[in-house]
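The structure appears right after this line, and notes come after that.
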Amino acid sequence: MQLVFFEDAVEYIMRISRTLRQPKGYIMLIGVGGSGKSVLTRLSAFMLRYEIQEFEIRKDSSNDVFKVYMKELLQRAGVEGKPLCLLLTDTQITSESMLEDINSLLNNGEIPNLFASEELDKIIN
């Protein structure tokens, strides 16, 4: 299948790919919905051979469900060494504590008190 890209789209793909390739690379794309941010990020992650993850909101979704999801995600990325791309939209952040957890992850590379001490010992050893 042949694709035709606008010059701006190619430029954004290059920027997103460059940012994701960096250690602890993350990018926050802000703009009008439907402008292609998610599609360009998915394409960039695919080109880098990153596994694309997206938190699915359900009726039973709570901060506890989000933390369990993040535990599994961080174990795959950290312990197994799999490169991942986590896509989140503003509608997926349902509580202030989720926003704080995401902020901590982006700023410090970890979510405080995510793992119990027994779980950390198991991971390290």
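We number each residue from 1, following the sequence as shown.
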Going by atom type alone, with no hydrogens or angles, which donor-acceptor pairs under 3.5 Å involve a side-chain atom of residues 13-20 and a protein atom two or more places apart or on another chain?
unit_1: Arg15; atom_1: NH2; unit_2: Glu11; atom_2: OE2; d: 3.0
unit_1: Ser17; atom_1: OG; unit_2: Ile13; atom_2: O; d: 2.9
unit_1: Ser17; atom_1: OG; unit_2: Ser44; atom_2: OG; d: 3.4
unit_1: Thr19; atom_1: OG1; unit_2: Arg15; atom_2: O; d: 2.8

Do Lys82 and Tyr50 come close enough that some side-chain heavy atom pair is under 4.5 Å? no
Output the distance between atom CD1 (Ile124) and atom CD (Glu119), rounded to the nearest 0.5 Å. 12.0 Å
Stepwise, does the side chain to side chain contact (heavy atoms under 4.5 Å, CB included) test hold for Lys37 with Tyr12? CA-CA 9 Å; Lys37 298 178 299 290; Tyr12 278 110; over 6 Å; no
Over 60° means perpendicular and under 30° means parallel, so classify the ring planes of Phe55 and Phe66, tilted if in between. perpendicular
Separation between CD (Gln53) and OH (Tyr69), nearest 0.5 Å, reads 4.0 Å
Does a side-chain heavy-atom distance below 4.5 Å link Ser38 with Leu87? yes
Can you check whether Thr89's main-chain N or O pairs, donor with acceptor, with Gln92's side chain at less than 3.5 Å? yes
Indicate yes or no: at least one non-hydrogen side-chain atom of Leu114 is less than 4.5 angstrom from one of Glu110. no
State whether the number of non-hydrogen atoms from other residues, nucleotides or ligands found under 6.0 Å of Asn107 atom CG is greater than 12. yes
Check whether any side-chain heavy atom of Phe115 lies under 4.5 Å from a side-chain heavy atom of Lys122, and answer yes or no. no
For Glu96, does the CD atom have more than 12 heavy-atom neighbours from other residues, nucleotides or ligands under 6.0 Å away? no
Mind checking whether Phe6 and Met47 sit in one hydrophobic cluster, side chains of I, L, V, M, F, W, Y counted as touching below 4.5 Å? no
Report yes if the side chains of Leu88 and Leu86 come closer than 4.5 Å at any heavy-atom pair, otherwise no. yes
Can you confirm whether Phe46 is buried at CZ, in the sense that more than 12 heavy atoms of other residues, nucleotides or ligands lie under 6.0 Å from that atom? no
Are the side chain of Gln75 and the backbone of Glu72 linked by a donor-acceptor contact shorter than 3.5 Å? no
Is the shortest heavy-atom distance from the side chain of Leu106 to the side chain of Ser104 under 4.5 Å? no
Do you reckon Ile111 sits in the same ILVMFWY cluster as Ile123, going by side-chain contacts under 4.5 Å, direct or chained? yes
Could you give the distance from CG (Asp8) to OG (Ser35), rounded to the nearest 0.5 Å? 11.5 Å
When rounded to the nearest 0.5 angstrom, what is the spacing between CG in Asn63 and OG in Ser97? 3.0 Å
Pairwise side-chain contact, Met98 with Lys67, heavy-atom cut-off 4.5 Å (strictly under): no
Is any side-chain heavy atom of Met70 less than 4.5 Å from a side-chain heavy atom of Leu105? yes
Kindly check if the number of other-residue, nucleotide or ligand heavy atoms within 6.0 Å of CD (Glu7) is above 12? no
How close do Arg76 and Glu80 get, counting heavy atoms only, and between which atoms? O-CB, 3.3 Å
For Glu54, what residues pass the side chain to side chain donor-acceptor pair (under 3.5 Å) criterion, not counting sequence neighbours? Arg42
Single-linkage hydrophobic cluster, 4.5 Å side-chain cutoff, Leu99 and Leu74 together: yes
Shared hydrophobic cluster for Val10 and Leu29 (ILVMFWY, side-chain gaps under 4.5 Å): yes
From CA spacing to verdict: side chain to side chain contact (heavy atoms under 4.5 Å, CB included), Leu43, Phe5: CA-CA 12 Å; Leu43 180 58; Phe5 289 104; 3.6 Å; yes
Taking Ile93 as the starting point, is it possible to reach Tyr26 by hopping between hydrophobic residues whose side chains are less than 4.5 Å apart? yes
